[in-house]
Amino acid sequence: MSQTPPAGGHALAQIISDRLGKAERLRNRGEPPWGVDFHPSSSCAAAAALVPEAPGEEGEPLSVAGRLLALRSSGGIVFADCHDESGALQLVASREGSQPELVERLGELDPGDIVGARGRPFRTQRGEPSLRLEGLVLLAKALRPPADKRRGLTDPEQRYRRRYLDLLSEPGARQLFRQRSDIIRGLRRALDERGFLEVETPVLQPIPGGGDARPFSTHHNALGSDLYLRIALELYLKRLLVGGFERVYELGPVFRNEGVSPRHNPEFTLLEIYQAYGNLASMQELCQDLVGAAVRAAGSSPALESERGLVSLEPPFPARPMAELVAELTGLDPEPLWEDPDRFLQEVMRLGVEPPAQASPGRLLFAVYDQLVEPNLLGPCFVTQYPVEVSPLARLGPDPRFVERFELVVAGRELANAFSELNDPLEQRRRLTEQARLRAQGEEEAQPFDEDFVEALEHGMPPAGGIGIGVDRLVMLVTGARSIRDVLLFPALRPSPGEA
RNA sequence: GCCGCCAUGGCGCAGUGGUAGCGCAGGGGCCUUUUAAGCCCAGGGUCGCAGGUUCGAAUCCUGCUGGCGGCACCA
């Protein structure tokens with residue numbers, strides 16, 4: 001390994017080469033730059049708390065481990081900021097207070113290096129909690145420098161592509177992902193307390209059902225069959241209701257072969273819950289409870305600043321039929337138009353709404369709601385009475401044009417989707433047959449027919465309530481994140497040219 | 001998939017037609033209490049990629065790649 005920097009080379013190449021040289025010199029001295037064990041007795045934050053108040057006084061010896069993010073050498077004294085997950089502690093080596101060798105060794109380390117340090121806690125003249133070094137061991141030499149110490153990593157591409165650098169240089173990033181974990185744990189705890197069983201169903205499915213979305217496809221070599229990554233959890237969880245489990249949920253990734261945006265990632269985390277002998281009312285209550293659990297777990301206030309304005313997540317959330325919201329917010333009353341689809345279509349187009357391919361009254365109503373009402377609905381609001389045409393898995397309501405379904409809308413976004421589940425196998429067969437017909441006509445998002453699922457219903461599924469919650473969007477809402485990429489550790493990006 | 005904006009040393013930025021500059025980081029040196037330490041010295045990029053216009057392009061044009069935002073689809 002050459003120790004001479006390349007003449008006229010790239011700055012980064014020079015840095016790496018220089019650091020490699022340092023690593024090599026350490027190795028030659030019998031100090032391996034990687035792979036040494038070290039077990040700190042204390043976290044940096046805990047050590048800082050043990051520092052005596054009086055200047056000049058020293059505490060009992062202890063050890064910490066972490067990454068050096070700044071080194072300041074001033075002649076015979078060297079300061080280094082050691083960071084671990086808990087916080088930071090300043091390491092100090094001075095000719096009068098430590099072995100001279102330690103001053104030397106600390107001084108030749110680089111920002112980014114991970115070290116183990118032993119010493120006595122004390123306070124510097126300026127009052128900074130510090131550790132007077134009595135021992136120092138390099139645990140991992142960093143060959144590349146950390147991000148800019150002043151500004152951190154501001155290029156969003158780099159933040160997402162090399163998340164570890166973002167986490168390292170932005171304390172807020174780590175905090176956000178800790179909140180995400182807290183929220184997910186809060187949801188699980190709330191469900192566990194209510195007697196729900198967490199299950200795992202296939203990610204690879206022969207028929208990707210339960211939602212309207214285009215799937216990713218793959219192939220199983222040994223089986224010689226095509227498989228799809230699941231777009232929803234619904235049909236397998238309902239099979240479990242047939243099987244006698246009465247309260248089940250699954251929280252995990254689903255995959256949709258669709259566009260990427262600040263609110264969409266091709267893989268995202270979905271929570272689906274099914275409760276035998278539940279209905280729409282029990283799902284509303286559960287939904288409110290879970291949103292509340294998420295807010296509490298995140299340590300957030302129920303009064304949240306969203307892109308659309310201030311939102312209060314204090315229950316209860318009001319419930320409003322879709323047709324009522326449309327009439328109120330667009331002035332278009334769907335009721336008198338229901339028997340006159342042609343006029344309905346005209347009125348819809350007059351509002352500037354892109355009409356659906358199949359212009360039935362229900363689809364027209366949904367189009368107006370979807371394009372004009374939902375995006376402007378601050379909420380929280382349970383939007384109820386969805387047209388049957390757009391809800392092939394939900395039970396009909398008293399008015400057979402509509403199903404017993406709600407979506408929870410907050411700040412113009414769907415946060416949850418719930419039904420009284422359809423358990424009539426004959427009706428389900430008709431609805432899925434209709435979906436298959438639309439699919440054959442080229443509607444790629446219509447649901448494929450799943451004979452095995454219908455057969456399961458023919459064995460008898462108890463009446464049930466079910467709900468799906470977009471976990472990433474819930475996390476965004478309660479943490480105030482603007483982009484879904486901010487709440488996903490490794491969001492979807494195109495492969496960079498170098499790794500394509 | 002469509003539209004708009006962006007792309008300069010490791011990081012953050014300036015430079016809108018005459019052959020690139022600043023701060024941080026990195027290298028050498030001074031300094032025993034610093035904490036965005038300070039001071040001195042030297043170094044590093046041909047300006048995302050490929051073409052084109054021009055006597056001459058980081059700077060104008062075209063295409064491509066990547067990112068961001070919006071639309072479409074959806075959660």
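For the numbers below, each heavy atom of this structure counts, side chains included, while hydrogens, waters and symmetry mates do not. In what follows, chains carry the letters A, B, and so on, assigned in the order in which the sequence lines appear, proteins first and then strands, with residues in each chain numbered from 1.
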Check your understanding: Which word best sums up how the rings of A:Tyr386 and A:Tyr369 line up, parallel for under 30°, tilted for 30 to 60°, or perpendicular for over 60°?
Key -> perpendicular
Practice item. Please work out which of the three classes, parallel, tilted or perpendicular, describes the rings of A:Phe382 and A:Phe317, given edges at 30° and 60°. Key: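 Taking A:Phe382 first and then A:Phe317, their aromatic rings sit tilted (interplane angle of 30° to 60°).
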Using the side-chain heavy atoms of [X], tell me which of these nucleotides is nearest: [options].
{"X": "A:Ile77", "options": "B:A25, B:U33, B:A72", "result": "B:U33"}
{"X": "A:Asp18", "options": "B:G26, B:U32, B:G69", "result": "B:G26"}
{"X": "A:Pro111", "options": "B:A25, B:U34, B:U32", "result": "B:A25"}
{"X": "A:Glu258", "options": "B:C73, B:C68, B:G27", "result": "B:C73"}
{"X": "A:Ser74", "options": "B:C31, B:G26, B:A72", "result": "B:C31"}

Looking only at side-chain N and O atoms, does [X] come under 4.0 Å of OP1 or OP2 in [N]?
{"X": "A:Arg132", "N": "B:U33", "answer": "no"}
{"X": "A:Arg126", "N": "B:U35", "answer": "yes"}
{"X": "A:Lys22", "N": "B:G27", "answer": "yes"}
{"X": "A:Arg72", "N": "B:U34", "answer": "no"}

What interatomic distance, in whole Å, is found between [atom1] of [M] and the corresponding atom of [N]?
{"N": "B:A36", "M": "B:C11", "atom1": "C1'", "result": "14 Å"}
{"N": "B:C64", "M": "B:G26", "atom1": "P", "result": "41 Å"}
{"N": "B:G4", "M": "B:U8", "atom1": "C1'", "result": "22 Å"}
{"N": "B:C39", "M": "B:U53", "atom1": "C1'", "result": "50 Å"}
{"N": "B:U59", "M": "B:G48", "atom1": "P", "result": "8 Å"}
{"N": "B:C24", "M": "B:A20", "atom1": "P", "result": "23 Å"}
{"N": "B:G21", "M": "B:A58", "atom1": "P", "result": "13 Å"}
{"N": "B:G15", "M": "B:U54", "atom1": "P", "result": "28 Å"}

For [N], what is the paired nucleotide under Watson-Crick or G-U wobble rules, both distances under 3.5 Å?
{"N": "B:A7", "answer": "B:U65"}
{"N": "B:G45", "answer": "none"}
{"N": "B:A20", "answer": "none"}
{"N": "B:U34", "answer": "none"}

Tell me: [atom1] of [X] to [atom2] of [N], nearest whole Å?
{"X": "A:Ile16", "N": "B:G10", "atom1": "CD1", "atom2": "C1'", "result": "9 Å"}
{"X": "A:Leu71", "N": "B:G26", "atom1": "CG", "atom2": "P", "result": "8 Å"}
{"X": "A:Phe79", "N": "B:G38", "atom1": "CZ", "atom2": "C1'", "result": "13 Å"}
{"X": "A:Glu108", "N": "B:G28", "atom1": "CD", "atom2": "C1'", "result": "15 Å"}
{"X": "A:Asp110", "N": "B:G10", "atom1": "CG", "atom2": "P", "result": "18 Å"}
{"X": "A:Asp81", "N": "B:A25", "atom1": "CG", "atom2": "P", "result": "13 Å"}
{"X": "A:Leu109", "N": "B:A25", "atom1": "CG", "atom2": "C1'", "result": "17 Å"}
{"X": "A:Leu438", "N": "B:C73", "atom1": "CG", "atom2": "P", "result": "16 Å"}

Review point. Donor-acceptor pair under 3.5 Å: do we get one between A:Gln90's side chain and the base of B:U34?
Key: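 When only heavy-atom distances are counted, A:Gln90 does reach the base of B:U34 through a donor-acceptor pair under 3.5 Å.
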Review point. Considering only heavy atoms and no angle criterion, is a donor-acceptor pair shorter than 3.5 Å present between the side chain of A:Thr124 and the base of B:U34?
Key: yes
Any base atoms under 4.0 Å from [X], or only sugar-phosphate, or nothing? Heavy atoms, all strands.
{"X": "A:Gly75", "result": "base"}
{"X": "A:Asn265", "result": "base"}
{"X": "A:Ile469", "result": "nothing"}
{"X": "A:Arg144", "result": "nothing"}
{"X": "A:Ser73", "result": "base"}
{"X": "A:Glu128", "result": "base"}

Does a side-chain N-to-carboxylate-O contact under 4.0 Å join [X] and [Y]?
{"X": "A:Glu272", "Y": "A:Arg230", "answer": "no"}
{"X": "A:Arg120", "Y": "A:Glu134", "answer": "yes"}
{"X": "A:Arg437", "Y": "A:Glu434", "answer": "yes"}
{"X": "A:Glu407", "Y": "A:Arg405", "answer": "yes"}

Review point. Between A:Arg395 (side chain) and A:Glu404 (backbone), is there a donor-acceptor pair under 3.5 Å?
Key: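 Such a contact is absent between A:Arg395 side chain and A:Glu404 backbone.
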Point to revise | Stepwise salt bridge (Lys or Arg N to Asp or Glu O under 4.0 Å) test for A:Arg29 and A:Glu108 | key: CA-CA 14 Å; A:Arg29 273 190 348 217; A:Glu108 66 188 26; 3.2 Å; yes
Exercise for review: Would you mind telling me which residue lines up with the more 5' stretch of RNA chain B, A:Leu270 or A:Arg485, judged by nearest nucleotide?
Suggested key: A:Arg485
Point to revise | Earlier contact from the 5' end, RNA chain B, for A:Val260 and A:Ala492 | key: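 Comparing both residues, the 5'-ward one is A:Ala492.
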